[in-house]
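Here is the structure we will look at, set down as structure tokens.
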Amino acid sequence: MGRYFRRKLLIYGLTFVIAVSINFAVPRLMPGDPVARMLTRNSVANIESSEAMRAYFNQLFGLDVPLWQQYLNYWAALFRGDLGVSVFAFPSPVASVVADALPYTLALLLPSILLSWFAGNALGAMAARNKLLDNGALPIGYVLTAVPYMWLAILLAWVGGIILGWFPVAGGYSFALTPAFTWTFIVDLLHHWVLPFLSLFVVALGGWAIGMRNLVIYELESDYSNYLQALGAPNRLVRRYAFRNAVLPQITGLALQLGVVVGGALVTEVVFAYPGLGSLLLEAVNSQDFFLLQGILLFIVIGVLVFNFLADIVYVLVDPRTRLGLEGGQS
Amino acid sequence: MSAEVVLQTEPVGRRGEHLYFALRNPKVAGGLAVVLALLLLGLIGPFFLSDSPNEYVGPKSEAPSGAHWFGTTYFGQDVFTQFVHGLRSSYLVGTLGGGIAFVIGLAVGFTAGYRGGLVDEVLNMVTNVVLVLPALAVLIVISSYLEVRGVVAQAVIIGVFSWPWVARAVRAQTFTLANRDYVDLARLTGKRSWRIIVHEIMPNMASYLLMSMILLFGGAILFAAMLDFIGLGPANAVSLGTMMQQSMAWSSLHLGMWWWFVPPGLAITLIVGALYITNVGLDEVFNPKLREM
């Protein structure tokens, strides 16, 4: 078990280093000069002031020292929690801008990921070896996994927000309200949360259901299931054993799927103008706010890694074989 | 001479059998029909329509009619023309991005699985790292720095970040195949490693490779659509993702212009969904246990 966790931690640590290095390298290696582009964006015509601004930006990016030193400085700043200053929300530091948006994204992601996982698994397990349910659930599941996240979000916003008018289609809360810990505000918050949540939930649901269905069928065909059946065990019991074995790969799948779901949350937030990381990302892209962009990437990477690690721990708790150092659970 | 002929007829016969079952499998046939129909529309359509999908041709914000099949945009561009051009770039991104990912995944998986040892350790580590990296976020950062964004550049960066699961699966399969007797025999004859991989190992997982190629193709299309939707799409071309982005940017939702945002998303769903269903069908074709006939 120690080896298992050491290996995982090594991979996560390496991933973090590589993500930070990508963050560092991309602006410096890409063709074109970001500083020059920022200057053109600010349309500085005066040559003298343009030179001053170039010097300022060079110093701000720390571009006036050798590359290896820039890299070390980058890490040092990172550990001080200094992600730079946002251009779009000047003069707030990137860390605080991201921290403001983070709760909204988490409030969307965590419930939608977990609930769709549970519901999808339950649905898939029921559909396995059930002709009637299978014929309906399988095609729907495949269509749902094929739907681009933003399109389902747009459709939900159109039907639930515009045609039916049941839900608001933009924002995290009504503009008339100020964030406060009151009933009206919380109800309003939930009201805005329903559609983005639903769209994330529904897209992910199909994938889990299909995966679970296939796994349960596979388990039901295995020797232990046949043996149990031959012993005359009730069907329910056999299926329960199959389900418990089939859940294991789904836990690994949950960790692997995370990057995709996070991506889906980003575009879903864009559709609903939900004030989380996705909308922030859009602002950062539109205003070429590179510090903010990189800060968001870093937060996402850290979040994904932490969640992966949690999934590993859950796996160890659920699967006794990893605890005993037997097969299973190899990275 | 005659021995060679006998050896050659065998795989041909099996391929023929697979083709026979594939074309009679409703999932494969139906899925392929949808994918090919949309591909044909994307390939042939632009010849009959305007070359410049962003041209202002008609009245603004018009609902679908005989003159403009999918209506017009807020600016009076023909949605159907954009749609057909968008299909083209979606297929291009899927082919190119999926192809690049496929080649990288195959190279990494075969090398790691066949060589083993330290090479495998390193490659496996790299694979796991890229696997946990949230691809879309990385793609967004990289493409926002690209000076000139085109379909090809987008496909390349998508390909570079979406290969790991193929590499992992190929590696695992290569492990089990690399120690078979016939591979040992091939090694004894002094064949080169890559020849052994191509001639002895690869044919035995051809079905799996075909299916992962299909999944990579669909995945690349979805990725590209998401990037385009964030506003990081190709600057010089129309894609299904940029159509959705434009429609949202000009509040087609509030204006009730459903003809602007429904077709592009529907096309992506149809293409990717049809590919998935084709895959299920192919699974039945290659695995006789699953066949229902």
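Order of the sequence lines fixes the chain letters, A, B, ..., with proteins taken first and strands second; residue numbering starts at 1 for each chain. FYI, side chains are in, hydrogens and waters are out, and symmetry mates aren't considered; it's all heavy atoms of this structure.
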Distance-minimising heavy-atom pair for [X] and [Y]:
{"X": "Ala137(B)", "Y": "Leu297(A)", "answer": "CB-CD1, 3.4 Å"}
{"X": "Tyr276(B)", "Y": "Tyr142(A)", "answer": "CB-CD2, 3.6 Å"}
{"X": "Leu293(A)", "Y": "Ile140(B)", "answer": "CD1-CG2, 4.5 Å"}
{"X": "Phe261(B)", "Y": "Leu155(A)", "answer": "CE1-CD2, 4.3 Å"}
{"X": "Met226(B)", "Y": "Met150(A)", "answer": "N-CE, 3.7 Å"}
{"X": "Thr269(B)", "Y": "Ala146(A)", "answer": "O-CB, 3.7 Å"}

Segment of [X] engaging chain B (4.5 angstrom heavy-atom cut-off):
{"X": "Leu10(A)", "result": "side chain"}
{"X": "Leu305(A)", "result": "side chain"}
{"X": "Asn23(A)", "result": "side chain"}
{"X": "Phe16(A)", "result": "neither"}
{"X": "Val147(A)", "result": "both"}
{"X": "Ile296(A)", "result": "neither"}
{"X": "Val271(A)", "result": "both"}
{"X": "Leu258(A)", "result": "neither"}

With side chains defined as the heavy atoms from C-beta onward, is the minimum distance between [X] and [Y] less than 4.5 Å?
{"X": "Ile154(A)", "Y": "Phe229(B)", "answer": "yes"}
{"X": "Leu222(B)", "Y": "Tyr149(A)", "answer": "no"}
{"X": "Val129(B)", "Y": "Tyr12(A)", "answer": "no"}

As an exercise: rank [options] by heavy-atom pairs under 4.5 Å with chain A and give me the winner.
{"options": "Leu232(B), Leu133(B), Leu136(B), Val262(B)", "result": "Val262(B)"}
{"options": "Leu266(B), Leu131(B), Ile277(B), Ile271(B)", "result": "Leu266(B)"}
{"options": "Leu275(B), Val141(B), Leu139(B)", "result": "Val141(B)"}

Atom pair CD1 (Ile11(A)) and CG (Asn124(B)), whose distance is rounded to the nearest 0.5 Å: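 Output value for this atom pair is 7.0 Å.
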
Nearest-0.5 Å distance that lies between atom CE in Met125(B) and atom OG1 in Thr15(A) =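 Taking CE in Met125(B) and OG1 in Thr15(A), the distance rounds to 9.0 Å.
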
> Out of Thr145(A), Val169(A), Leu138(A), Ile18(A), which one racks up the most heavy-atom pairs below 4.5 Å with chain B?
Replying inline: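 Of Thr145(A), Val169(A), Leu138(A), Ile18(A), Thr145(A) has the most heavy-atom pairs under 4.5 Å with chain B.
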
- prompt: Picking from Val304(A), Val270(A), Ile162(A), which has the most non-hydrogen pairs under 4.5 angstrom with chain B?
  reply: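 Looking at each option in turn, the highest pair count goes to Ile162(A).
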
Check: So, Trp158(A) side chain and Met257(B) main chain: donor-acceptor pair closer than 3.5 Å or not?
Finding: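 Between the backbone of Met257(B) and the side chain of Trp158(A) there is no qualifying donor-acceptor contact (under 3.5 Å).
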
Task: Exceeds 12 heavy-atom contacts within 6.0 angstrom, atom OH of Tyr208(B) - done: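 Yes, OH of Tyr208(B) has more than 12 neighbouring heavy atoms, counting only those of other groups under 6.0 Å.
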
